[in-house]
Amino acid sequence: MVEWCLPQDIDLEGIEFKSMASGSHKIQSDFIYFRKGPFFGLACFANMPVESELERGARMKSVGVLSPSYTLLYRYMHFLENQVRHQLETPGHYSHLAAFYEDKKGVLHAGSGRGGSLPPVYWLPSIHRYMYPEMKITHPAGCMSQFIKFFGEQILVLWKFALLRKRILIFSPPPVGVVCYRVYCCCCLANVSLPGIGSTVPESKPFFYVNVADIESLEVEVSYVACTTEKIFEEKRELYDVYVDNQNVKTHHGHLQPLLKINGADREKYRRLNEQRQMLLYSQEVGDGYTPCEEDLFVLFFLEENNRIFQTLLEVSASQDKTLTAEHARGMGLDPQGDRSFLMDLLEAYGIDVMLVIDNPCCP
């Protein structure tokens, strides 16, 4: 139940299920990013044992904030972690939360929660390198390096699905905080900064944590990246195109199966990404003047890959014969055979008028 909120007239229906991940009773603490209508939320959860039969031996609470954008929510994580502990130890004292709201409401644009007065929500910006969201994990290593270490070469599979704007659902048991970062990283894989590209495809929407209460809203979405702690979602195949269970990426769509296979071009990309990361880590160690952080490197790596692909496709579509050859594919950093179905899907998804003349070899 929602025990307290400001402003009091905002629609918070179902928010108690978003701010406490299913299965959280098994863990001591967590943080959760989620989406509620046009807003994004961050909640910190904590679980404290108590000697009370009425509370069945445990007191569990979440304290969260809502904002029209998720890019600055991480700044309030420390405050929320302290407050949830405070609410567990001294329930019913809301003066710190009220003061926080009064101080921040100009920043958070709480709005009235009714009708057309809500501010517009902007998804992942794809225009300028310094505009991408700034989300730092709670310890020194960034969420991007964790993402790369966790998925390894599989990030190239996720990259293709993200670029095709597929519905990607990531399953993990609690804690869910680090999995919310995987949602964010997945969206970052699909950034393109060429003008005119992406106007025909849906935006890559980070939904963060979802549960069974979100099924109706997910049914109408054509593209999203989300995470859940509820295994029941795996059976609801109509809700997703790609299901990620730990490092295992799978799809029930037959035409997408070829995209699950890592090819030579993928391995080469992964090798280059790791090479750049090693160079970055070395330059940080020797203190070589200003060095970008790993987040910058990761986002720029995929932004440049995506721009190179679409730049080539646009040039070919503007040429007289509109023919895309194996040489073009290699120039885009793709495998002419292994990425053939990916290229076909990409041309269709983005409405690019190009003729693919890469022969599909017959298998003996």
Side-chain angles (χ1 to χ4, degrees), residues 124 126-129 132 144 147-148 151-166 168 185-204 223 241-242 249 251 255-277 296-361:
L124 274 181
S126 56
I127 294 158
H128 199 274
R129 59 172 287 190
Y132 75 87
M144 297 298 183
F147 184 67
I148 296 166
F151 284 110
E153 289 179 342
Q154 291 285 319
I155 60 169
L156 278 314
V157 174
L158 290 170
W159 163 65
K160 291 173 193 176
F161 287 131
L163 210 53
L164 292 172
R165 298 294 194 263
K166 297 301 176 191
I168 301 170
C185 293
C186 223
C187 286
C188 284
L189 297 172
N191 277 344
V192 181
S193 63
L194 297 179
I197 286 293
S199 56
T200 58
V201 292
E203 289 167 295
S204 185
S223 172
D241 302 309
V242 181
V249 183
T251 175
H255 72 283
L256 294 177
Q257 295 289 340
L259 274 68
L260 296 173
K261 198 168 186 225
I262 303 281
N263 59 48
D266 295 330
R267 289 192 182 93
E268 173 58 21
K269 265 191 210 66
Y270 188 66
R271 186 194 63 75
R272 279 196 297 112
L273 178 60
N274 273 321
E275 207 172 68
Q276 288 186 25
R277 287 177 68 220
D296 276 333
L297 182 142
F298 181 93
V299 171
L300 278 174
F301 180 87
F302 284 98
L303 181 68
E304 284 165 6
E305 290 293 320
N306 299 341
N307 284 352
R308 180 161 56 134
I309 288 172
F310 286 111
Q311 188 66 51
T312 305
L313 293 178
L314 290 177
E315 284 168 10
V316 173
S317 71
S319 69
Q320 267 192 312
D321 64 353
K322 300 182 185 294
T323 303
L324 192 71
T325 64
E327 203 174 312
H328 284 127
R330 280 189 283 271
M332 291 187 283
L334 299 175
D335 186 309
Q337 303 301 343
D339 284 322
R340 191 176 192 278
S341 63
F342 168 59
L343 264 172
M344 300 273 283
D345 287 350
L346 202 63
L347 295 173
E348 188 184 344
Y350 288 80
I352 298 172
D353 182 21
V354 162
M355 192 168 70
L356 202 59
V357 293
I358 301 166
D359 290 329
N360 210 357

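No hydrogens, no waters, no symmetry mates; every other heavy atom, side chains included, goes into these values.
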Would you say the side-chain atoms of [X] and [Y] include a donor-acceptor pair closer than 3.5 Å?
X      : Y      : answer
Asp266 : Trp159 : no
Asn263 : Asp339 : yes
Thr251 : Asp241 : no
Asn274 : Arg271 : no

Please report the shortest heavy-atom distance between [X] and [Y], naming the atom on each side.
X      : Y      : value
Lys166 : Val242 : CB-CG2, 4.2 Å
Ser223 : Pro202 : CB-CG, 3.6 Å
Gly264 : Asp335 : N-OD2, 3.8 Å
Leu259 : Lys160 : CD2-CB, 4.1 Å
Asn191 : Leu303 : O-CD1, 3.4 Å
Phe147 : Ile155 : CE2-CG2, 3.6 Å

Starting at [atom1] of [X], measure out to [atom2] of [Y] and round the result to the nearest 0.5 Å.
X      : Y      : atom1 : atom2 : result
Glu268 : Arg330 : CD    : CZ    : 13.5 Å
Ile168 : Cys187 : CD1   : SG    : 7.5 Å
Thr312 : Ile352 : OG1   : CD1   : 10.5 Å
Leu297 : Leu273 : CG    : CG    : 6.5 Å
Leu163 : Leu158 : CG    : CG    : 12.5 Å
Cys185 : Phe302 : SG    : CZ    : 10.5 Å

If you draw a 6.0 Å radius around CD in Glu348, do more than 12 non-hydrogen atoms from other residues or ligands fall strictly inside? no
Less than 4.5 Å apart, any side-chain heavy atom of [X] and any of [Y]?
X      : Y      : result
Phe151 : Val157 : no
Tyr350 : Leu313 : no
Leu356 : Arg340 : yes
Leu347 : Phe342 : no
Arg277 : Phe298 : no
His328 : Leu334 : no
Ser341 : Gln257 : no
Thr323 : Val316 : no

Is the backbone of [Y] close enough, under 3.5 Å, to the side chain of [X] for a donor and an acceptor to pair up by distance?
X      : Y      : value
Lys269 : Leu156 : no
Arg308 : Gly331 : yes
Lys322 : Ser317 : yes
Asn306 : Leu189 : yes

Might you work through the side-chain contact (heavy atoms from CB on, under 4.5 Å) test for Leu324 and Val357, ending with a clear yes or no? CA-CA 6 Å; Leu324 192 71; Val357 293; 6.0 Å; no
side-chain contact (heavy atoms from CB on, under 4.5 Å) between Glu305 and Arg272: does it pass, once the steps are laid out? CA-CA 11 Å; Glu305 290 293 320; Arg272 279 196 297 112; 2.6 Å; yes
